[in-house]
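A quick write-up on the structure given underneath.
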Amino acid sequence: MRRALIIANEAYADPQFAALPGAVADADSLREVLENPAIGAFDDVRVLRNRTVHDVGRAVAIFFHNTEPDDLLLLHISAHGLKDAAGDLFFAAADSEHDSHLIRATALSAADIRHEMADSRAKQIVVLLDCCYSGAFARDERARGARDADLTAPFRGRGHVVITSCAGTELSFERDGQGVFTRAVVDGLRTGQADRNGDGIVDTDELHQYVAEKVGEVSSRQRPTLSVFRKEGVIRVAWAGREPPPPPPEEGLDRWRRLVAAVTPRRVARGALPRRVVVPLLAAWALLCASVGYAGPVGAAGVGCFQPPEVRVATSAAGLQPYREVADAFERWSARQHRGCPLARIYLYPAAADDVRAGIGAHWGSSGEPGRRYLRDVGPHPDLWLPESAIDVARLGAAGTGVLDEVDEIAASPVVLGVPQAQVAAGDTVDTARRMGRTWRELFRDAAGATTDTPIAGGRGVVRADPAVSAPARLATYALYGGERGLVSASTARQDVERRVDQALDAGSYPIGDDLAVLCRQRTRATAAPTATAGVGTPAVMLTEQALVRYNQGRPLGVGCPAQQAPPAAERLQAFYPSDSPVLFLTAARLRWPEAVQSPAVRAGASHFVRWLVDEEEGRQALLGVGLRPPGVTATAPVDRANGALFDWPFARVRPLHELVADDQDRVREVYRRAHRPGRVLVALDASGSMRDPSEDRRRSRFEVAVDGVGRSLERVGGRDEFGLRTFSTVAANARPIVPIGPPGAAVTGSLHAAVQRIRPSGDTPLHRTIQQGAAQLRGGSGDPLRALVVVTDGQDTTGRPPPTVAELSGVRLYVLAVGDAACAGSPLDRLAQGSGGDCYDTRADRLDATLDRLFTALWKGAD
C-alpha cells in the first residue's frame with residue numbers, strides 16, 4: 001500500500017512564530033498529485049492542518065505503526081523548524097511555544113519521528129522536509145531554514161530517503177503563497193518532467209535532481225539536499241505525469257456538431273434521447289471516431305488506463321541493479337505494445353537464497369524458524385524469484401511443493417578470473433590462455449605470482465568473495481580444490497589456496513563478504529591509485545563475466561558504492577576463461593500464492609515478464625545489455641573486448657556447460673569451512689550512561705540486550721577461534737576487560753551475564769580511544785588469524801579525541817554496530833570501518849541478535 005501523511009502548520013498561537021500561509025497551499029497541492037491515480041496513485045493521503053502537538057504526534061505514531069514491509073510511506077512536513085538549547089531538532093505545531101526551555105515540551109521532536117520510522121515494518125520510507133524558521137527577509141519571502149541545522153541526521157535509517165528544502169547552513173523560502181521547494185516537488189510530479197530517464201516513473205533520485213535544479217533557478221541561497229541510507233532498489237514516488245490528450249481535430253468536431261444537430265429532435269434536447277435516436281447516433285459516433293483518429297480510453301492511456309499490477313520480485317543483492325534495468329526495459333516495451341499501459345510494474349527487493357527457501361517452506365508465515373517473520377525480516381511474498389544461480393531453486397525440493405509454479409532458464413554467465421590490464425602480458429600466448437588455455441589452478445598460481453613466464457606479468461594475488469555466501473566464489477573454489485581423487489583435504493586447501501587469498505584480502509583491506517563488497521573495494525582502490533602505478537599492485541578477482549563487464553563500464557555496484565565510475569585503463573579487468581570452470585545459470589521461478597496475497601492479475605503480470613525475457617527478442621537483448629548471455633543469442637556489446645570480455649565464448653570447444661549440483665556445492669562449502677583461518681574477535685561494548693536507556697521492548701536496557709546478543713552469538717564459535725569482551729566508558733569501573741581474548745570456554749556465557757549485574761552504565765563515550773586500544777590488543781597473540789574489532793555503541797565519541805586512521809588499524813578489521821541515537825551514514829566511523837575492510841551497521845537494540853549472528857557467521861566458520 002502507498003500511504004502519505006502531510007503535516008502543514010501555518011497558524012501559531014505563540015505570536016513569536018510568523019504565520020506561514022504557504023504551508024496549507026503546500027499541503028493541498030501535494031495531496032492533489034499524490035491522490036491522482038495517474039500520478040502518485042497513493043491509496044491513502046492524510047493531511048493535518050494547524051493541529052496541536054498531541055494530535056500530530058499521535059498521527060505520526062499511527063502512520064508508521066500500521067504498516068507492512070512492502071508499503072511505501074511518504075511523510076511531508078511544512079512548518080517552522082526549531083532547535084532547543086541542546087541543539088536537537090523539533091517541528092512547531094499550532095500550540096508550540098517559542099521559548100527554548102519550552103520547545104521540548106510543546107513541539108514535535110525529530111528524534112521521536114525517527115524512532116517511529118525505525119519501528120515501522122515498511123522497507124521504503126520517504127521524508128520531505130520543507131522546514132521553516134522565523135524571520136522575514138523580503139516582503140514576499142519568509143524564511144524556512146536554519147543556519148546550523150543538519151535536517152537529515154535525525155532521520156537516517158535503513159531504507160530511508162530524506163529530501164530537504166535546503167542545506168543545513170542555508171535558508172528555505174516561501175514565495176507567492178507557496179514554498180519554493182514544495183512547488184517544485186508538485187510541478188515535477190504533475191508534469192512528469194522529474195522523470196529524467198524517461199522510464200515512466202519518478203524515483204527519489206530523479207525527484208531530488210529536478211527539485212534542486214528548479215529551486216536553484218528561483219533562489220541561489222537554497223540548495224535542496226538528498227540523504228539516502230542503504231536504499232535497496234528504486235523507490236517510486238509517482239508515475240510520470242502526462243498532459244491530457246489533445247482534443248480531436250476541429251474538422252471532426254464540426255462534423256460531430258452537425259451530426260448531433262441533424263439527429264436530435266428539439267423537443268427532447270433537455271432530456272434523455274429516445275432509443276430510435278441513440279442507436280444511429282452511437283453508430284455515427286463510432287464512424288466519426290475512426291475518421292478523426294480518436295483512440296478512446298485505451299488510447300488515452302497516459303491518463304485513462306488502469307493501474308498495472310505490481311509484481312514482487314526477490315533477487316540477490318548482486319542481481320538487484322541489473323534486473324532493475326531489465327525490468328525498466330520491460331515496462332517501457334509493454335507500454336509501447338499496449339498504447340501506453342504497461343502490463344505490470346516490477347518491484348524488486350534483495351533477499352538471500354537461504355531466506356527465500358525458508359520462507360517458501362514456511363509459506364511466508366511465521367511457522368518456520370522460531371521468532372522469524374518473513375514479511376518483516378525478508379520482504380513481501382515474492383511472485384517471482386530471480387536467484388543468483390539455478391541451484392538455489394533446485395535446493396527447494398519438497399519445500400517448494402504447492403508454491404513453486406514454473407522455472408525458466410533465462411541466461412548464463414561464465415565464472416572468470418579478472419586480471420588488471422597492467423598485469424596482462426603481451427604476445428599470442430595471452431590470447432590462448434584467456435580462451436580456456438589454462439585451468440583454474442594454473443591461472444590462480446600465475447596471478448598469485450607463484451610462477452614465472454606466464455600470461456600474467458607480476459601477479460599481485462587473487463581476491464574472492466566469501467564462498468559461504470557467493471555462488472560464483474563457490475564455483476571457482478570448487479575448481480581450485482579439485483584433485484585427481486576429488487576435492488583436496490582442508491589442510492591442502494589452506495596451504496595452496498586460502499592462505500594466499502587471505503594475504504591478498506588483508507593487504508588490500510578487502511571485506512569478508514559478497515561479490516559486490518569485494519568489487520566495491522576494488523573500484524575504490526583502482527580510482528584512488530596514482531596513474532604511474534595503476535594496476536601494478538592490484539590483485540586479480542574471481543567473479544562472473546557479467547560482474548566484470550559492469551565493473552569495467554562503471555555501472556553501480558550496490559548501495560553505498562560509487563556509481564558510474566569506470567576504472568582507469570590500467571585497472572580495467574581482463575577476463576581469463578579457465579578450461580575447467582562451471583557456468584552460472586540464471587533462472588526465473590514463478591511462485592503461486594493464495595489469491596488473498598496474489599491476485600490473478602499479479603500472477604499474469606509475472607508470467608508476462610518471464611515470457612518477455614524468454615520469448616521476445618527485446619527481452620533477450622535487455623538481458624544481454626546487462627552483461628548476461630541469454631540462450632541462443634550471439635553476444636555483442638557490452639559483452640565484448642571493450643569491456644574486458646571475449647564475445648565468442650566458449651570458443652567453439654565441445655565441452656559440457658553445467659553448474660555444480662547441490663551436493664558438490666555442499667562439499668566445497670565444508671572443505672572451505674575447515675580450511676578457513678580462525679577468527680580472533682574482540683567485542684567492545686559501550687557502557688556509557690545512554691546504554692542504560694530502555695530498548696525497544698522496554699523490558700531490558702540497551703546494555704542488557706547487547707550482552708545477551710553477544711552471548712547467543714558465541715554458539716557459532718569454532719574450536720580454533722578466539723573471543724574477548726571489554727566494556728568502555730569514562731567511568732573507570734565501567735571500562736575494563738570482561739573476557740580475556742582466547743578460546744571461549746564453557747564459563748564465558750556465565751561471565752557475560754555476571755557482567756550485567758556488576759556494571760551500571762554511566763559516564764560518557766571514549767569511542768576513539770577504545771578503538772585504538774582494541775586494535776593494539778588484537779595484534780597480540782600467535783598465528784595469522786582474522787583479527788576483528790566489533791564495537792557496539794549508541795553514541796559518538798564525547799572526548800574530543802581525533803578518530804584513528806586506517807593506518808592505525810593495520811591488520812585489524814573494524815565493525816561498528818550503531819544502535820539508539822548512533823548512525824553510520826556519513827560518519828567518520830563508517831569511513832574508518834570501510835577503509836579497514838570492515839563495515840558499519842545501523843541496527844536497533846532489539847535486532848542486535850540478527851546483526852551479530854550475520855557478522856559472526858562471516859568471521860567464524862565453526863572450524864574444528
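For the side chain to side chain contact (heavy atoms under 4.5 Å, CB included) with Tyr478, the lone residue among Val415, Asp580, Val668 that qualifies is Val668.
Proximity of Leu557 to Tyr551: side-chain heavy atoms (C-beta onward) are separated by under 4.5 Å at one or more points. A 4.5 Å side-chain heavy-atom check between Leu855 and Val790 finds at least one atom pair inside the cut-off. Considering only heavy atoms from C-beta on, Ser389 stays 4.5 Å or farther from Leu586 through its side chain. Inter-residue side-chain proximity for Leu829 and Ile771 is flagged as met; some heavy-atom pair is nearer than 4.5 Å. Residues Leu682 and Arg726 meet the side-chain proximity criterion, which asks for heavy atoms closer than 4.5 Å. Contact check for Asp686 versus Val792: no side-chain heavy atoms found under the 4.5 Å cut-off. Using a 4.5 Å heavy-atom threshold, the side chains of Thr439 and Glu442 count as touching. Taking the side chain as every heavy atom from C-beta outward, Phe444 and Val497 approach each other to under 4.5 Å.
In terms of the salt bridge (charged side-chain N to carboxylate O under 4.0 Å, His left out) criterion, Arg521 has no residue partners (sequence neighbours excluded). With sequence neighbours excluded, no residue satisfies side chain to side chain donor-acceptor pair (under 3.5 Å) with Thr452. Tyr672 is linked by a side chain to side chain donor-acceptor pair (under 3.5 Å) to Asp466, counting only residues two or more places apart in sequence or in another chain.
If you take CZ on Arg324 and CG on Leu320, they are separated by 8.5 Å, rounding to the nearest 0.5 Å. The line from CG of Leu852 to OH of Tyr841 is 10.0 Å long, rounded to the nearest 0.5 Å. With rounding to the nearest 0.5 angstrom, the OH atom of Tyr323 is 9.5 Å from the CG atom of Leu384. Note that the CZ atom of Arg787 and the CD atom of Glu722 stand 9.0 Å from one another [nearest 0.5 Å]. Rounding to the nearest 0.5 angstrom, the gap separating the NE2 atom in His676 from the CG atom in Leu859 is 8.0 Å. Atom-to-atom distance recorded for Ile360:CD1 and Leu396:CG is 4.5 Å, nearest 0.5 angstrom.
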Query - Residues Val313, Leu386; criterion side chain to side chain contact (heavy atoms under 4.5 Å, CB included); working and verdict - result: CA-CA 7 Å; Val313 182; Leu386 301 175; 3.7 Å; yes

Query raised in the report: Passes side chain to side chain contact (heavy atoms under 4.5 Å, CB included), Thr843 versus Leu848? Steps please.
Result: CA-CA 7 Å; Thr843 185; Leu848 266 176; 3.9 Å; yes

Requested in this report: Step by step, work out the salt bridge (Lys or Arg N to Asp or Glu O under 4.0 Å) result for Asp506 and Arg677.
Outcome: CA-CA 12 Å; Asp506 291 347; Arg677 58 179 164 172; 2.7 Å; yes

**Report entry** Chi angles and distances behind the side chain to side chain contact (heavy atoms under 4.5 Å, CB included) call for Ile456, Phe576
**Finding:** CA-CA 10 Å; Ile456 300 174; Phe576 281 72; 4.2 Å; yes

Query - Derivation of the side chain to side chain contact (heavy atoms under 4.5 Å, CB included) call for Trp649 and Val416 - result: CA-CA 11 Å; Trp649 171 88; Val416 301; over 6 Å; no

Query raised in the report: Where do Ser509 and Ser836 land on the side-chain hydrogen bond (donor to acceptor under 3.5 Å, both in side chains) test, with the steps shown first?
Result: CA-CA 5 Å; Ser509 297; Ser836 71; over 6 Å; no

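Between the side chains of Ser470 and Asp515, a donor-acceptor pair is found at a separation under 3.5 Å. A donor and an acceptor atom, one from each side chain of Thr492 and Ser489, are located under 3.5 Å apart.
The closest donor-acceptor contact from the side chain of Arg464 to the backbone of Ala473 lies at 3.5 Å or more, if one exists at all. Of the possible polar contacts, none joining the Thr315 side chain to the Pro387 backbone as a donor-acceptor pair under 3.5 Å is found. Between the side chain of Asp392 and the backbone N or O of Ala353 there is no donor-acceptor pair closer than 3.5 Å. Of the possible polar contacts, one joining the Gln423 side chain to the Thr538 backbone as a donor-acceptor pair under 3.5 Å is found. Between the side chain of Ser413 and the backbone N or O of Leu584, no donor-acceptor pair lies under 3.5 Å. The backbone N or O of Ala575 sits less than 3.5 Å from a side-chain atom of Arg434, completing a donor-acceptor pair. Using a distance-only test at 3.5 Å, with no hydrogens or angles considered, no donor-acceptor pair links the side chain of Gln574 to the main chain of Ala645. A donor-acceptor pair under 3.5 Å is formed between the side chain of Thr401 and the backbone N or O of Ala398. Panel note: side chain Thr587, backbone Ala589; no donor-acceptor pair is recorded below 3.5 Å. Panel note: side chain Asp721, backbone Gly718; a donor-acceptor pair is recorded below 3.5 Å.
Contact detail for Val378 and Lys123: the closest heavy-atom pair is O-CE, 3.6 Å. The nearest pair of heavy atoms linking Arg550 to Arg523 is O-NH2, 4.0 Å. Of all the heavy atoms in Leu685 and Leu725, the pair that sits closest is CB-CD1, 4.2 Å. Closest non-hydrogen pair, Trp385 versus Ala314, comes out as CD1-O, 3.3 Å. Nearest heavy-atom pair, Val462 versus Ala447, reported as atom, atom and distance to 0.1 Å: CG2-CB, 3.5 Å. Counting all heavy atoms, side chain and backbone alike, Pro804 lies closest to Gln772 at CG-CG, 3.5 Å.
By the 30° and 60° cut-offs, the orientation of the rings of His381 relative to Trp364 is tilted.
Ion pair Asp502/Arg499 not flagged as a salt bridge, since none of the NZ, NE, NH1 or NH2 atoms sits closer than 4.0 Å to an Asp/Glu carboxylate oxygen. Using a cut-off of 4.0 Å between Lys/Arg side-chain N and Asp/Glu carboxylate O, Arg674 and Glu498 are scored as not salt-bridged. Using a 4.0 Å cut-off between a side-chain N of Lys or Arg and a carboxylate O of Asp or Glu, Asp784 and Arg680 do not qualify as a salt bridge. At a threshold of 4.0 Å, the pair Arg667-Glu670 does not count as salt-bridged, since none of the basic side-chain nitrogens sits closer than that to a carboxylate oxygen. Checked for salt-bridge contact, Asp839 and Arg813 miss the test: no charged N lies under 4.0 Å from a carboxylate O. Of the charged side-chain nitrogens involved, none lies within less than 4.0 Å of a carboxylate oxygen, so that Asp664 and Arg669 do not count as a salt-bridged pair. Salt-bridge check for Arg629 with Glu545: passed, with a basic side-chain N closer than 4.0 Å to an acidic carboxylate O. Residues Asp354 and Arg395 are not paired through a salt bridge, judged by the lack of any N-O separation under 4.0 Å between the basic side chain and the carboxylate. The pair Arg445-Asp496 fails the salt-bridge criterion, with no side-chain N (NZ, NE, NH1 or NH2) lying under 4.0 Å from an Asp/Glu carboxylate O.
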